[in-house]
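These notes concern the structure reproduced below.
Predicted, not measured: the structure shown is a model, and the values here were computed from it.
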Amino acid sequence: MASVPLQDADRAAAELEYGIKQCGAVGGVIGASVDGVNLGDANLDNFWAAASELNVPLFIHPTAPTPSPRTTKYDLNVSVQYTYDSTVSVGSLVLSGVMDRFPNLRLLLSHGGGYFPYQIFRFDRLYRNHLDEVPLVPTQTPSDYLRRFWYDTILHGGPPLRYLCDLVGTDRVLLGTDYPFTVYDPIPLEIIETAGCAGDDFTRITETNS
């Protein structure tokens, strides 16, 4: 997958096209923020347009966050802030209207989508209450955008993966390992089996989803 310079949307678009057309990349990999700015708030429309036109997926992985004073111990930065980084940016993509402006944008979220799928109805409640802080209200409730994304299986347990599969469908879930990072799963197929995904569901997650 092609890594691109998100600090400049036009150069990012050009690099993605080069990676796909000249180097044989199958998609792009990007961080969940740009110099501390959420993806939905960064000036990236030209890049989103290029990815949509190329019809390739973009894998969003958390940007390595600087530990806050409360997460410097016990690897809390890895277990909490990485997933927080994804959640905030995904929420911004939905609530800012990016997903409406680019209906063909294909985004894959790491770590099962951060907290987004598991707190989605809290997002819905805030949407229904019409908070003034939401600058561009999307055309649907946040939960209606769940299937606009794909999610990897890095949840480290059968119950949360089962919930994710029930919520978004096994056709939106793909095998992940998190290798070579400290929380990588050495037996990635086991969680899929533990979640009760067998037969066609197992095949979709491990082989045919795209």
*So, the side chain of Asn38 versus the backbone of Gly40: is there a donor-acceptor pair under 3.5 Å, distance only?*
no
*Is there a donor-acceptor pair closer than 3.5 Å between any side-chain N or O of Asp124 and the backbone N or O of Thr141?*
no
*Of the non-hydrogen atoms in Ala2 and Gly19, which two are nearest, and what is the gap between them?*
CB-CA, 4.2 Å
*asked:* Does Asn43, at its CG atom, have more than 12 non-hydrogen atoms belonging to other residues, nucleotides or ligands within less than 6.0 Å?
replied: no
_Taking atom CZ as the centre, does Arg122 end up with more than 12 heavy-atom neighbours from other residues, nucleotides or ligands that are less than 6.0 angstrom away?_
no
_side-chain contact (heavy atoms from CB on, under 4.5 Å) between Ile191 and Asp185, worked out_ = CA-CA 9 Å; Ile191 186 178; Asp185 187 346; 4.2 Å; yes
*Quick one: do Thr170 and Asp200 satisfy side-chain contact (heavy atoms from CB on, under 4.5 Å)? Show the steps, please.*
CA-CA 9 Å; Thr170 54; Asp200 291 342; over 6 Å; no
*Are the side chains of Tyr127 and Pro138 in touch, meaning some heavy atoms are under 4.5 Å apart?*
yes
*asked:* Determine whether a donor-acceptor pair (N or O, by modelled atom type, separation under 3.5 Å) exists between the side chain of Ser89 and the backbone of Ser86.
replied: no
*Would you sort out whether Tyr184 and Thr177 count as a side chain to side chain donor-acceptor pair (under 3.5 Å), showing the intermediate values?*
CA-CA 6 Å; Tyr184 82 94; Thr177 67; over 6 Å; no
*side-chain contact (heavy atoms from CB on, under 4.5 Å) between Phe123 and Ser143, intermediate numbers included*: CA-CA 8 Å; Phe123 279 88; Ser143 61; over 6 Å; no
*Under a 4.5 Å cut-off applied to non-hydrogen side-chain atoms, are Met99 and Phe149 in contact?*
yes
*Can you check side-chain contact (heavy atoms from CB on, under 4.5 Å) on Asp85 and Ser33, steps first, answer last?*
CA-CA 8 Å; Asp85 189 49; Ser33 58; 3.8 Å; yes
*Do Trp150 and Val98 belong together in a cluster built from hydrophobic side chains that touch within less than 4.5 Å?*
no
_Heavy-atom donor-acceptor pair, Asp8 side chain to Arg11 backbone, under 3.5 Å_ = yes
*asked:* As an exercise, state the distance from CE of Met1 to CD1 of Ile20, rounded to the nearest 0.5 Å.
replied: 7.5 Å
*Can you see which heavy atom on Leu109 is nearest to which on Val90, and at what distance?*
CD2-CG2, 3.6 Å
_Atom CG of residue position Asp166 - does it have more than 12 heavy atoms of other residues, nucleotides or ligands inside 6.0 Å?_
yes
_Hydrophobic cluster membership, Tyr82 vs Tyr179, 4.5 Å side-chain cutoff_ = no
*asked:* Within this structure, what is the CD-CZ distance for the pair Gln119 and Arg125, rounded to the nearest 0.5 Å?
replied: 14.0 Å
*Is a side-chain N or O of Arg147 found less than 3.5 angstrom from the main chain of Val168, in a donor-acceptor match?*
yes
*Are Leu54 and Lys21 side-chain neighbours, meaning at least one heavy-atom pair lies under 4.5 Å?*
yes
_Membership question, hydrophobic clusters at under 4.5 Å side-chain separation (ILVMFWY): are Phe102 and Ile30 in the same one?_
yes
*What's the shortest heavy-atom distance between His61 and Ser110, and which atoms?*
CA-OG, 3.6 Å
*Between Thr139 and Asp100, is a side chain to side chain donor-acceptor pair (under 3.5 Å) present by the stated rule, with each step listed?*
CA-CA 7 Å; Thr139 58; Asp100 288 330; 3.2 Å; yes
_I want to check something: taking the side chain as every heavy atom from C-beta on, are Leu58 and Val29 in contact at a cut-off of under 4.5 Å?_
no
_Counting C-beta onward and ignoring hydrogens, is there a side-chain heavy-atom pair between Tyr18 and Val4 closer than 4.5 Å?_
no
*Hey, is the main chain of Leu76 close enough, under 3.5 Å, to the side chain of Thr71 for a donor-acceptor pair?*
no
*Just by modelled atom types, is the Ser68 backbone N or O under 3.5 Å from a matching donor or acceptor in the Thr72 side chain?*
no
*Answer whether the closest heavy-atom distance between the side chains of Thr153 and Leu174 falls below 4.5 Å.*
no
_Would you say the ring centers of Tyr163 and Tyr118 fall short of 6.0 Å from each other?_
yes
*So, do Thr83 and Pro62 sit near enough that their side-chain heavy atoms are less than 4.5 Å apart?*
no
*So with a 6.0 Å cut-off around CD of Glu190, is the heavy-atom count from everything else above 12?*
no
*Going from CG on Leu39 to CG on Leu6, what distance comes out if it is rounded to the nearest 0.5 angstrom?*
7.0 Å
*Are Asp178 and His111 close enough, and set up right, to give a side chain to side chain donor-acceptor pair (under 3.5 Å), and what steps lead you there?*
CA-CA 8 Å; Asp178 226 2; His111 313 131; 3.3 Å; yes
_Please say yes or no: joined through hydrophobic side-chain contacts below 4.5 Å, possibly via intermediate residues, are Phe121 and Leu146 part of one cluster?_
yes
*Taking the six-membered ring for Trp and the full ring for Phe, Tyr or His, determine whether the centres of Phe116 and Tyr151 are under 6.0 Å apart.*
no
*Pairwise side-chain contact, Asn209 with Arg172, heavy-atom cut-off 4.5 Å (strictly under)*: no
*asked:* Ignoring hydrogens, what is the shortest heavy-atom contact between Ile154 and Asp152? Give both atom names and the distance.
replied: N-OD1, 3.1 Å
*Could you tell me the separation between the CG atom of Leu105 and the CZ atom of Arg148, rounded to the nearest 0.5 Å?*
6.5 Å
*How close do Pro117 and Gly113 get, heavy atom to heavy atom, and via which atoms?*
CD-O, 3.5 Å
*Spell out, yes or no, whether Leu155 and Phe59 are grouped together once hydrophobic residues are joined by side-chain heavy atoms under 4.5 Å, including indirect joins.*
no
*Looking at CD1 of Ile205 and SG of Cys197, how far apart are the two atoms once the value is rounded to the nearest 0.5 Å?*
4.0 Å
_Separation of Leu175 CG from Leu189 CG (nearest 0.5 Å)_ = 6.0 Å
*Do you know the tightest heavy-atom contact between Leu107 and Trp48?*
CD2-CZ3, 4.4 Å
